[in-house]
Amino acid sequence: MKVREVLGRSDYALISGLIPSGARVLDLGCGDGALLEWLKANKQVEARGVELNRELVQRAIARGVTVYQGDLESSLRDYPDQAFDYVILSQTLQETRQPLAVLNEMLRIGRNAIVAFPNFGHWRVRVNHLFSGRAPRTNLFPFEWYDSPNIHFLTVIDFEELVKKQGWKVERRMFLARHRRVETSPNWFAEVAVYLFRQPG
Amino acid sequence: MITETQYARFDALKLDAGETLRDVQVAYETYGRLSEHRTNAILIDHAFTGDAHAAGIDHEGKPGWWDNMIGPGKAFDTDHYFVICSNVLGGCRGTLGPSSIDPATGKPYGLRFPGVTISDMVRLQKLLVDHLGIERLLAVTGGSMGGFQALEWAVAYPDAVEACIPIATTARHSAQQIAFNETGRQAIMADPDFLGGDFYDKKPPARGLSVARMIGHITYMSDESMREKFGRRLRDRQDFSYGFEIDFEVESYLRYRGSQFVGRFDANSYLYITKAMDYFDLAAGYPSLAASLERATSRFLVISFTSDWLYPSYQSQEIVNALRSRNHDVTYCELSSNYGHDAFLVDIGEQTEIVKGFLAKCTREFRGLEARQ
């Protein structure tokens, strides 16, 4: 069975493709544990999750996923160095208070980090903003400014620059729009960007 | 189902305090059937005043104290699991304790009973589990003081515990928890009927024991649950008595609970067991809580409740964070409930769902003794 059919989220499909069998995986903001459950069943990974929302945590536990109910940012410091092979942060980076601290912690506790984020540089966002003169609202950013969980808006270029500045080594970068891969001008056309990266050396 | 309390006897039990108890009787009950490979056994540890009768109906028609969690189709599903519950050492419900007869004198031990600890209780349970022929428990679980024992099991006998489910509990008693216990003990010892613990052939220190129980009951509830249950409602009257009769519903409830308790619980057991709780510190002898949990190999499911102020969530989180810092397999959820500390006994809907899911996983992934080398 295709992971996309199970999970229905295109970034999940990509992420599962990046993870080898038997890996130790931590999913930050794991929701109801669907991705971890799939990875456990199909890739025999050692799966752990962190999720703040009580109802989602309960659903994850009920499906047999190891999950910690707590705040993602404050929970990271308790994990020992290099405890995981892959630390996943899917569609949550833009909601964290201190994204750089989170990314650094991910690379401390994991050998590899996988980050998926919505691209604020997508042409539809830009057009929407240019012509409405308001905070952009698109299918990817459907919230009003006052009830949006997104507090940091970043684009593909922004993330590339940060990677360069931090000296991280990108193993894979993938871009998506409407569940299809984007090959050219990702900062214009990608709705979601997925990066697999690690510390150099 | 009618359940029968059974008894096992062991020649000797060495205690943390240095003494050795002889001819140690343990009361226990079992529910469900032990599987052929003996991999489906779950040990339930009771809380402070609980007993071995955890599930089913006894001969007097009384349901077990966790009957809503143990039975066919319930969280601890007796169609799948073999469930064991025993009365703790120092108790008064069939296991050796201060109200038992001291073979040296032919009279009840009273305060001549040696001091006991949570690890003594667990050492005795291990004898029982061995006696039942179970090498490795699928799970050890309990709420409150039952959680202490579950944690102690995971650290003391890591090879014998596949999964550990401590609920509404802590790795060590705080000053506040010790304070409540001490207040209860003082109430008992201040009762003129206490007689230095040698009251067995006279009347029990009923007033002291019931005051102790009243205090306990307050700590088991929450501000909100008391407001909902009693509010300021008056008991069978329209106006205040302007005396010291029962005015309020809550007074009536506490007095009733207190006096009811006297009939079923031994004042000396109250003293011994609360002391055991106060002595409990999983990290004692280790540089940190995390270091004490280093030995544990179990998977953990830790549960706390939002309105539990006796064993607040931060104490569960301490356990969880210590486990995470050693990269143990630990699942944690703070369940939402208004019932205070009692939640693990009464508000069991969500608890049931997560315990079921967790146990199903632990059954699927049960690690045999060889596989863990």
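Naming: A, B, ... by sequence-line order, numbering from 1 per chain.
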Q.
Taking OH in B:Tyr339 as the centre, count heavy atoms belonging to other residues, nucleotides or ligands within less than 6.0 Å. Is the count above 12?
A. no
Q.
For A:Glu144, is the CD atom crowded, meaning more than 12 foreign heavy atoms sit under 6.0 Å from it?
A. yes
Q. To the nearest 0.5 Å, how far apart are CD in A:Glu55 and SG in B:Cys333?
A. 9.0 Å
Q.
Let's test your reading of the structure: which of A:Val57, A:Val67, A:Ile109 forms the most heavy-atom pairs below 4.5 Å with chain B?
A. A:Val67
Q) Does NE2 in B:His173 sit with more than 12 non-hydrogen atoms of other residues, nucleotides or ligands closer than 6.0 Å? A) yes
Q: Specify the closest pair of heavy atoms between A:Thr66 and B:Thr331, including all atoms of both residues, with the distance to one decimal.
A: CA-OG1, 3.1 Å
Q.
Could you measure the distance from the CD atom of B:Glu350 to the CD atom of A:Gln58? Nearest 0.5 Å is fine.
A. 4.0 Å
Q. So what's closer than 4.5 Å to chain A heavy atoms on B:Ser304: side chain, backbone, both or neither?
A. neither
Q: Flag the pair B:Glu353 and A:Arg63 as a salt bridge only when some basic side-chain nitrogen lies within less than 4.0 angstrom of an acidic carboxylate oxygen.
A: no
Q: Can you see which heavy atom on A:Gly64 is nearest to which on B:Lys361, and at what distance?
A: O-CD, 2.8 Å
Q | Smallest separation among heavy atoms of A:Arg54 and B:Leu335, with atom names | A | NE-C, 4.0 Å
Q) Of the non-hydrogen atoms in A:Arg48 and B:His328, which two are nearest, and what is the gap between them? A) NH1-O, 3.3 Å
Q. Does A:Tyr68 reach the side chain of B:Val330, with side-chain heavy atoms less than 4.5 Å apart?
A. no
Q) Within a reach of under 6.0 Å around CD of A:Gln98, are more than 12 heavy atoms found that belong to other residues, nucleotides or ligands? A) no
Q: Please assess B:Glu365 against A:Lys40 for the test salt bridge (charged side-chain N to carboxylate O under 4.0 Å, His left out), listing each intermediate value before the final yes or no.
A: CA-CA 12 Å; B:Glu365 300 174 7; A:Lys40 266 181 75 165; 3.0 Å; yes
Q | Rounded distance [0.5 Å steps], CZ in B:Arg326 versus CG in A:Asp78 | A | 11.5 Å
Q. Which pair of non-hydrogen atoms, one from A:Pro80 and one from B:Arg324, has the smallest distance, and what is that distance?
A. CD-O, 3.3 Å
**Q.** Nearest non-hydrogen partners of B:Asn327 and A:Phe84, listed with the distance
**A.** OD1-CZ, 3.8 Å
**Q.** Point-to-point distance, once rounded to the nearest 0.5 Å, from CD1 of A:Ile61 to CD of B:Gln351
**A.** 11.0 Å
